[in-house]
Amino acid sequence: MTASTTRRTTAARSRLAAVGAIAVAGALLLTGCGDQTEDSGSEGTKETGKSSSAPLFDKLPKKIQDAGVLKAGTNAEYAPMEFQEGGKIVGVDPDIAAALGEKLGVEVQFTSGSFDGLITSLNSGRYDIAMSSITDNKQRQEGLDDKGKKLGPGVDFVDYFVAGTAVYVQKGNPKGINSIEDLCGRPAAVQRGTTYEKALQTQSKKCTDAGKKKITIQPFENDTEAQTRVKSGGAVAGVNDYPVAVDLVRKADGGNAFEIVGEQVDAGPFGIAVNKDNKQLTEALEAAVNAIIEDGTYKEILAKWGAETGAIDKAVVNGGE
């Protein structure tokens, strides 16, 4: 999901500096989504076809106009950004997508799968977009691995949010963790395939370079498992996007399970990922994001979920570093 102090500094982004670290043939990330999916259509406009009166309908590729649907891949395990409730995928991203759908005149339909397979599935044609708190960075844009090796075509991003990395611990901070630097020689939990896993790897190297012990990084398939590890005491801390960590601290055990330590760091953009060959869709989404910013819908959505700190003033394509 980084690079300055804020939900991401120059290293980049919130799911943060590690979102760009995973790559595979045909994409940036290691594995496909598999079979664990759940569909949910956002409540965008029902108008479809060439007769749609939506203001930005004409900007869409004809294939999507004809379908009347924009297929979106996500990992719905990341409240408040995207999660499942009552059999539906809800949160910041689905609400923003629904608002974009109204401007574009199509329905946005979400499918949930593994996070580290989203870009692979996007570039294979399974989805039109991937929208899941994905940090926009150069590695993902260019399809590179951690060492700069070209492993896939990469993707384009339409940036719509900004976030930084947060460290959370058990309530009361029993291990005295005050920042990510305090994790040297200690176990820390994180969701596999995120920029936060990369952030921990980077910090671990800083630890050993300074003559300290490395961080024992405990990667999990999903964020819930990482949280459980911290709650049980198996890890002294977890690392996550700032708005996700804030939501976790507020809600887990009625606010009695966790707390955030230190300031959020490595602030960077979240982007809607689009296949590089689909420039028309990228331009349409950029226009739609700007449209909901201008009419106030965007800030209303962020306020609904307590995510106002991630607001941007204008959509940017490939703004991540």
Side-chain angles (χ1 to χ4, degrees), residues 1-9 11-22 74-83 91-93 114-116 118 132-135 137 161-171 173 175 177-183 186-204 215-232 234-253 255 257-270 305-307 309-310:
M1 315 199 178
T2 21
S4 76
T5 304
T6 330
R7 195 195 173 241
R8 305 181 216 194
T9 33
R13 308 210 338 95
S14 182
R15 263 172 196 221
L16 278 159
V19 165
I22 314 282
T74 196
N75 175 235
E77 300 176 350
Y78 218 61
M81 301 304 292
E82 49 268 326
F83 62 104
V92 175
D93 284 355
S114 62
F115 180 73
D116 61 357
L118 292 178
S132 192
S133 306
I134 303 174
T135 301
N137 56 32
F161 193 80
V162 67
T165 300
V167 177
Y168 66 93
V169 299
Q170 288 180 325
K171 190 78 170 183
N173 196 7
K175 301 299 182 181
I177 305 298
N178 295 309
S179 68
I180 195 169
E181 289 83 4
D182 290 341
L183 298 179
R186 297 180 174 186
V190 69
Q191 183 178 5
R192 181 181 294 110
T194 62
T195 53
Y196 310 112
E197 183 179 19
K198 177 64 175 177
L200 283 176
Q201 292 167 350
T202 298
Q203 180 57 45
S204 186
I215 299 172
T216 302
I217 300 171
Q218 300 178 346
F220 292 89
E221 181 64 25
N222 59 63
D223 193 56
T224 301
E225 292 176 347
Q227 295 168 18
T228 300
R229 188 67 169 177
V230 177
K231 186 176 180 180
S232 70
V236 300
V239 180
N240 214 320
D241 289 323
Y242 182 74
V244 175
V246 169
D247 189 73
L248 173 65
V249 168
R250 288 174 179 168
K251 295 180 179 178
D253 291 352
F258 304 107
E259 65 183 77
I260 294 173
V261 295
E263 300 292 330
Q264 68 169 324
V265 297
D266 294 338
F270 283 172
W305 296 101
T309 58

* Of the non-hydrogen atoms in Gly234 and Gln218, which two are nearest, and what is the gap between them? -> O-NE2, 3.4 Å
* What distance do Lys231 atom NZ and Asp253 atom CG have between them, rounded to the nearest 0.5 Å? -> 3.5 Å
* Distance (rounded to the nearest 0.5 Å) between Ser132 OG and Tyr78 OH -> 8.5 Å
* Indicate the atoms forming the closest heavy-atom contact of Glu221 with Asp116, along with that distance. => OE2-OD1, 4.4 Å
* **Backbone of Phe220 reached by a side-chain donor or acceptor of Arg229 within 3.5 Å** => no
* Point-to-point distance, once rounded to the nearest 0.5 Å, from CG of Asn178 to CG of Leu183 -> 10.5 Å
* Test log, rule side-chain contact (heavy atoms from CB on, under 4.5 Å), inputs Asp223 and Phe115 -> CA-CA 10 Å; Asp223 193 56; Phe115 180 73; over 6 Å; no
* Hey, mind stepping through Lys175 and Val169 against side-chain contact (heavy atoms from CB on, under 4.5 Å) and telling me if it holds? -> CA-CA 8 Å; Lys175 301 299 182 181; Val169 299; over 6 Å; no
* Which value, rounded to the nearest 0.5 Å, describes the distance between Ile180 atom CD1 and Glu263 atom CD? -> 14.0 Å
* Would you check if the distance from the ring center of Phe83 to the ring center of Trp305 is below 6.0 Å? => yes
* Asked: Can you name the closest pair of heavy atoms from Ala189 and Ala235 and give their distance?
  -> N-CB, 3.8 Å
* To do: Would you tell me whether Glu82 and Ser133 have side-chain atoms, one donor and one acceptor, within less than 3.5 Å of each other?
  => yes
* **Short side-chain to backbone donor-acceptor contact, Ser204 and Leu200, under 3.5 Å** => no
* Asked: What closest approach, in Å, do Ile177 and Arg186 show between heavy atoms, and which atom pair accounts for it?
  -> CD1-NH1, 2.7 Å
* Structure fact -> Shortest non-hydrogen pair, Ala79 vs Asp247, comes out as CB-OD2, 3.5 Å
* Using the test side-chain contact (heavy atoms from CB on, under 4.5 Å), find all partners of Arg250 that sit at least two apart in sequence or belong to another chain. => Val246
* **CZ-CD1 distance between Arg192 and Ile217, expressed to the nearest 0.5 angstrom** => 12.0 Å
* Asked: What distance do Gln227 atom CD and Leu248 atom CG have between them, rounded to the nearest 0.5 Å?
  -> 4.5 Å
* Taking Ser179 for its side chain and Gly262 for its backbone only, find out whether a donor-acceptor pair lies under 3.5 Å. => no
* Asked: Does the pair Gln191 and Glu197 meet the rule for a side-chain contact (heavy atoms from CB on, under 4.5 Å), with working shown?
  -> CA-CA 7 Å; Gln191 183 178 5; Glu197 183 179 19; over 6 Å; no
